[in-house]
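I have placed the structure first, in the form of structure tokens, so that the comments after it can refer back to it.
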Amino acid sequence: MQIERLRPECLPCLAGRYLEKYPEYATEEEKLTYMRRVLRLLLEAPVTDASPVIVKRINDVRQEMFGLTDEYADVKQYFNQVMLGYEKNISQKIADAPDPLLSALQYAAAGNYIDFGAMKTVEEERLSQLLNEADYITFSEVACAALREDLSTAARLVFLTDNCGEIVMDKLLIQTILLLYPQLEVTVLVKGGPVLNDATIEDAVQVGLTRLVQVIGNGNRIAGTWEPALSEEAAAAFDSADIILSKGQANYETLRLCGKNVYYLFLCKCDMFASQFGIPRLTAVLIREKMLAAHTPLQSS
């Protein structure tokens, strides 16, 4: 089945975010050349490509023309440290919660706010507010029940990370899962190289995730999990998973309707998806792949 991942709303959104994303030192000629190349990529993008795949092509042009690589290196280290500052307190709150798994899911969802790809700005005050109010986050009871059942019977879990900083909350979620479901073998996939503020091996090392579970790069620099671009090692882990826990909107964009046993966990930061789901922006979502075709409600009534 051909999945049409590119929606009409994506093109003006991508144009607005990337058409003028050139360095200040670019000449007028370079600006014009860059903008024409970006417009061509948008015009020629296949409907089967998700937005993060198109962004990868745009970033390739930016790197070719201007030599831009890891523009977010300092930002990533900074937000990793910011979230490590919350770790001890939130870890204790999760341990003391009546439902530790639910609590860990709530904090992991709140951490998904740290997204320089989907958000114009990431405000520390707003981040602190989201973390402080995490225990008010609600999820679909159907999705939560299915997740608990799958975690209790699965042997292999693959966890797909999203952003820097957020990966600290992911670590706490993984710790909680391992405590509650010790039979699970957990593998974490991070990005294979710098892309926006997405987590890489370096981030996993910085926050101590590599001391907890196996962490491998996915072999590419696409903001999401694009199966055709996965490395052999990452594809093997992905395909052998009994259950996949997928963090972030980009992973949802690139994987939705893939047919695997995926649970998507993210804050809805896109107006298009917010409209489709019938929820306000920055609402937390937990939805199972199998629920997408069945149109199961995202949240409890």
Side-chain angles (χ1 to χ4, degrees), residues 70 72-97 100-119 121-137 139 157-180 184 186-191 194-218 223 225 245-251 263-267 269 282 284-286:
D70 193 359
Y72 292 90
D74 293 340
V75 168
K76 291 196 290 182
Q77 289 186 20
Y78 176 77
F79 274 99
N80 286 338
Q81 286 303 130
V82 167
M83 294 302 282
L84 284 170
Y86 287 103
E87 180 180 11
K88 183 177 179 180
N89 183 45
I90 292 178
S91 178
Q92 190 60 54
K93 287 183 177 181
I94 292 172
D96 293 341
L101 179 61
L102 175 61
S103 180
L105 288 166
Q106 290 168 327
Y107 282 109
N112 187 234
Y113 170 74
I114 308 170
D115 187 342
F116 285 83
M119 304 289 292
T121 59
V122 175
E123 301 171 356
E124 288 188 55
E125 184 176 348
R126 180 63 171 135
L127 172 62
S128 177
Q129 179 185 10
L130 287 168
L131 293 171
N132 288 333
E133 298 174 355
D135 56 353
Y136 292 106
I137 291 174
F139 298 113
L157 165 69
V158 165
F159 193 105
L160 308 177
T161 63
D162 193 16
N163 300 311
C164 68
E166 172 186 356
I167 197 174
V168 177
M169 298 297 101
D170 295 341
K171 182 176 76 169
L172 296 181
L173 174 54
I174 292 167
Q175 284 178 336
T176 304
I177 289 173
L178 289 172
L179 182 65
L180 295 173
L184 277 171
V186 178
T187 300
V188 174
L189 296 190
V190 295
K191 301 304 182 295
V195 49
L196 298 171
N197 68 302
D198 285 30
T200 60
I201 287 289
E202 291 78 11
D203 300 290
V205 170
Q206 183 182 354
V207 304
L209 184 56
T210 53
R211 297 195 297 270
L212 180 65
V213 291
Q214 180 188 29
V215 182
I216 60 178
N218 68 4
T225 300
L245 190 48
S246 168
K247 283 297 301 298
Q249 192 173 276
N251 278 324
Y263 288 82
Y264 302 99
L265 177 64
F266 59 95
L267 287 183
K269 289 161 283 193
L282 292 186
V285 171
L286 174 65

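Index from 1, following the sequence. Remember, it's a predicted structure, so these values are computed and weren't measured experimentally.
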Quick check for you: to the nearest 0.5 Å, what is the distance between Gln77 atom CD and Asp203 atom CG? 8.0 Å

Rounded to the nearest 0.5 Å, what separates atom OG1 in Thr161 from atom CG in Leu245? 11.0 Å

For Met83, run the side-chain contact (heavy atoms from CB on, under 4.5 Å) check against Leu172, Ile167, Leu131 and tell me which one passes. Leu131

For Tyr78, I'd like to know if atom OH has over 12 heavy atoms of other residues, nucleotides or ligands within 6.0 Å. no

If you draw a 6.0 Å radius around CG in Asp96, do more than 12 non-hydrogen atoms from other residues or ligands fall strictly inside? yes

A side-chain contact here means heavy atoms from C-beta on lying under 4.5 Å apart; do Asn218 and Val190 qualify? no

Between NZ on residue Lys171 and OG on residue Ser91, distance to nearest 0.5 Å: 8.5 Å

Apply side chain to side chain contact (heavy atoms under 4.5 Å, CB included) to residues Val168 and Tyr86 and explain how you reach the verdict. CA-CA 9 Å; Val168 177; Tyr86 287 103; over 6 Å; no

Any donor-acceptor N or O pair under 3.5 Å, side chains Tyr113, Gln129: no

Has Gln249 got a side-chain atom pairing as donor or acceptor with Lys269's backbone, closer than 3.5 angstrom? yes

Strictly by modelled atom types, are Asp162 and Asn112 linked by a side-chain donor-acceptor pair under 3.5 Å? yes

Minimum heavy-atom distance between Gly165 and Asn80, given as atom pair plus value: N-OD1, 2.7 Å

Check: Thr200 and Asp198 side chains under 4.5 Å, non-hydrogen atoms: no

For the residue pair Val213 and Leu178, establish whether any side-chain heavy-atom pair is separated by less than 4.5 Å. yes

A side-chain contact here means heavy atoms from C-beta on lying under 4.5 Å apart; do Leu209 and Ile174 qualify? yes

Below 4.0 angstrom, N of the basic side chain to O of the carboxylate: do Glu202 and Lys76 qualify? no

Is the shortest heavy-atom distance from the side chain of Val122 to the side chain of Val75 under 4.5 Å? no

Verify, without hydrogens or angle tests, whether Asn251 (side chain) and Thr225 (backbone) share a donor-acceptor contact under 3.5 angstrom. yes

Within-4.5 Å side-chain heavy-atom neighbours: Leu101 and Ile177: yes

How far apart are the closest heavy atoms of Phe139 and Ala284, and which atoms are they? CE2-CB, 3.9 Å

Nearest non-hydrogen partners of Phe159 and Leu173, listed with the distance: CE1-CD2, 3.8 Å

Is any side-chain heavy atom of Val186 closer than 4.5 Å to one of Gln214? no

Any side-chain to backbone donor/acceptor pair from Gln106 onto Ile137? Under 3.5 Å, distance only. yes

Any side-chain to backbone donor/acceptor pair from Asp115 onto Asn163? Under 3.5 Å, distance only. no

